[in-house]
Amino acid sequence: PIAALASITRSSEDADGATLRLVARVLSTDGKECLEFDAGAPIELESYDWRRVAESVGETVSSALIDQGARNLIESGR
């Protein structure tokens with residue numbers, strides 16, 4: 001099983017500024033192993049740049065989970 005949660009927290013100092021945070025987990029099918037990684041980045045909600053930032057954060061999280069061994073957990077669950 002794979003789970004992900006994304007959240008956006010607005011900055012109190014900058015009305016257009018916010019932080020995008022992504023937390024993802026990969027679990028073994030028996031629930032004995034759990035890999036987790038989270039990453040975040042500042043985003044400007046009023047620009048289209050937030051999409052690029054979101055993709056970058058997603059790639060960071062997925063690469064880190066793969067480096068931790070998530071590929072083996074995913075394959076064994078199929």
Could you list the donor-acceptor pairs under 3.5 angstrom formed by side chains in residues 65-73, with sequence neighbours left out?
none

Atom pairs and distances, donor-acceptor, side-chain atoms in residues 56-64, under 3.5 Å, two or more places apart:
{"residue": "Thr60", "atom": "OG1", "partner": "Ser56", "partner atom": "O", "Å": "2.9"}
{"residue": "Ser62", "atom": "OG", "partner": "Gly58", "partner atom": "O", "Å": "3.1"}
{"residue": "Ser62", "atom": "OG", "partner": "Glu59", "partner atom": "O", "Å": "3.1"}
{"residue": "Ser63", "atom": "OG", "partner": "Glu59", "partner atom": "O", "Å": "3.0"}

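Here the side chains of Glu33 and Leu27 are not in contact, with every heavy-atom distance at 4.5 Å or above. Residues Arg21 and Thr9 are not in side-chain contact: their nearest non-hydrogen atoms beyond the backbone lie 4.5 Å or more apart. Contact check for Ile74 versus Ile2: side-chain heavy atoms found under the 4.5 Å cut-off.
Atom-to-atom distance recorded for Leu22:CG and Phe37:CZ is 10.0 Å, nearest 0.5 angstrom. Atom OG of residue Ser7 and atom CG of residue Leu20 lie 7.0 Å apart, to the nearest 0.5 angstrom.
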Working for side chain to side chain contact (heavy atoms under 4.5 Å, CB included), residues Glu36 and Val23: CA-CA 7 Å; Glu36 180 176 304; Val23 180; 4.0 Å; yes

Is there a side chain to side chain contact (heavy atoms under 4.5 Å, CB included) between Ile8 and Thr19? Walk through the geometry before answering. CA-CA 6 Å; Ile8 295 175; Thr19 300; over 6 Å; no

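Partners of Glu75 according to the salt bridge (charged side-chain N to carboxylate O under 4.0 Å, His left out) rule, which considers only residues two or more places apart in sequence or in another chain, are Arg78.
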